[in-house]
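Let me begin by presenting the structure, written as structure tokens, before commenting on it.
The figures here come from the full heavy-atom set of this structure, side chains too, leaving out hydrogens, waters and symmetry mates.
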Amino acid sequence: MKTEESESPFSKLGNPARRALANAGITSLLELSKLTEKEFLHLHGVGKSSVPVVREKMKEEGLSFRE
């Protein structure tokens with residue numbers, strides 16, 4: 001199971017942030033890129049420390065938050 005978690009684009013996020021994304025139905029970086037950074041931060045369980053983590057992962061995939 002650890003291998004599956006490490007393959008997830010959200011594996012470096014804390015559990016509350018991962019649950020927030022799951023509850024919002026967001027399972028990929030592409031889906032996350034449809035949100036603005038502000039919308040992402042408004043998800044219950046997501047804090048400011050989550051932003052640089054997902055921003056870096058998104059950058060690796062050529063994605064970014066919606067403007």
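- For the ring pair (Phe, Tyr, Trp, His ring centres under 6.0 Å) condition, the pairs that include at least one residue of residues 36-66, sequence neighbours left out, are F40-F65.
- Put simply, the side chain of V53 does not reach to within 4.5 Å of the side chain of F10, judged on heavy atoms.
- Scanning for side-chain contact (heavy atoms from CB on, under 4.5 Å) contacts around T36 gives K38, E39, R66, with sequence neighbours left out.
- Separation of atoms NZ (K12) and OG (S50) is listed at 13.5 Å; rounding is to 0.5 Å.
- In this structure, the side chains of I26 and L35 come closer than 4.5 Å at one or more pairs of heavy atoms.
- S33 meets the side-chain contact (heavy atoms from CB on, under 4.5 Å) test with L30, M58, L63; sequence neighbours excluded.
- Residue pairs meeting the ring pair (Phe, Tyr, Trp, His ring centres under 6.0 Å) criterion with at least one member in residues 17-37, sequence neighbours excluded, do not occur.
- Considering only heavy atoms from C-beta on, L21 comes within 4.5 Å of L13 through its side chain.
- E60 is linked by a side-chain contact (heavy atoms from CB on, under 4.5 Å) to E56, K57, counting only residues two or more places apart in sequence or in another chain.
- Within the structure, salt bridge (Lys or Arg N to Asp or Glu O under 4.0 Å) pairs that include any residue of residues 22-37 comprise E37-R55 (at least two apart or interchain).
- Closest heavy-atom contact between P9 and T27: CG-O, 4.4 Å.
- For E61, the side-chain hydrogen bond (donor to acceptor under 3.5 Å, both in side chains) test picks out no residue, with sequence neighbours left out.
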